Amino acid sequence: MLIGAVAIRPCTGALFLLILTWRFDLVGAGIAGAFAMGLGTASITIVVAIAAVTLRAGVLARLAERAGTGAGAARAMTLIEIAAGCLIAAISVQLLLRAL
């Protein structure tokens, strides 16, 4: 439901394209362009989602193989995810401070 709600709303780029092509009396081209933008966004989102799930499952399987149990792999992945989140938060705070 969340993905559907995010995907259903139009992006500002598509709205801008539709407004420009409407003003130039190129309505068909605007609709085709907005449709192409939507397909491009959808294909990239699907590829990234599939890669994220597949790579995560592969990493967990390799860690479980090396550790011998799934508990160690789960702890290692949890720590890696927390570290990645902290890195993203630190970069975001630095960008925010620079903007102020």
Side-chain angles (χ1 to χ4, degrees):
M1 292 301 287
L2 177 65
I3 293 169
V6 169
I8 208 166
R9 67 165 181 75
C11 72
T12 55
L15 290 175
F16 188 63
L17 175 70
L18 289 170
I19 290 169
L20 281 178
T21 55
W22 171 65
R23 294 300 293 162
F24 287 122
D25 290 329
L26 300 169
V27 178
I31 292 170
F35 188 69
M37 290 170 69
L39 285 177
T41 301
S43 63
I44 293 297
T45 303
I46 289 170
V47 167
V48 168
I50 290 171
V53 170
T54 305
L55 293 175
R56 186 174 193 274
V59 168
L60 280 175
R62 286 186 189 147
L63 285 174
E65 246 178 45
R66 290 184 184 168
T69 63
R75 272 190 241 124
M77 276 307 287
T78 301
L79 290 174
I80 291 170
E81 289 172 355
I82 289 172
C86 289
L87 178 65
I88 290 170
I91 292 170
S92 300
V93 168
Q94 286 182 354
L95 290 173
L96 176 66
L97 292 176
R98 285 185 187 174
L100 298 176

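Side chains are part of it too, since the values below use all heavy atoms of this structure and drop only hydrogens, waters and symmetry mates. For clarity, every value in this text was computed on a predicted model and none was experimentally measured.
- Side-chain atoms of Ser43 come within 3.5 Å of backbone atoms of Gly40 as a donor-acceptor pair (strictly under, hydrogens ignored).
- In this structure, CD1 in Ile91 is found 11.5 Å from SG in Cys86, a value given to the nearest 0.5 Å.
- Under the 4.5 Å side-chain contact rule for hydrophobic residues, Trp22 and Leu20 do not share a cluster.
- No continuous path of hydrophobic side-chain contacts links Leu96 to Ile88 [ILVMFWY only; heavy atoms under 4.5 Å].
- Residues Thr54 and Ile50 share a closest heavy-atom pair of OG1-O, 2.7 Å.
- Heavy-atom minimum distance, Leu18 versus Ile31: CD2-N, 3.8 Å.
- Between atom OG1 of residue Thr12 and atom CG of residue Leu17 there is a gap of 11.5 Å, rounded to the nearest 0.5 Å.
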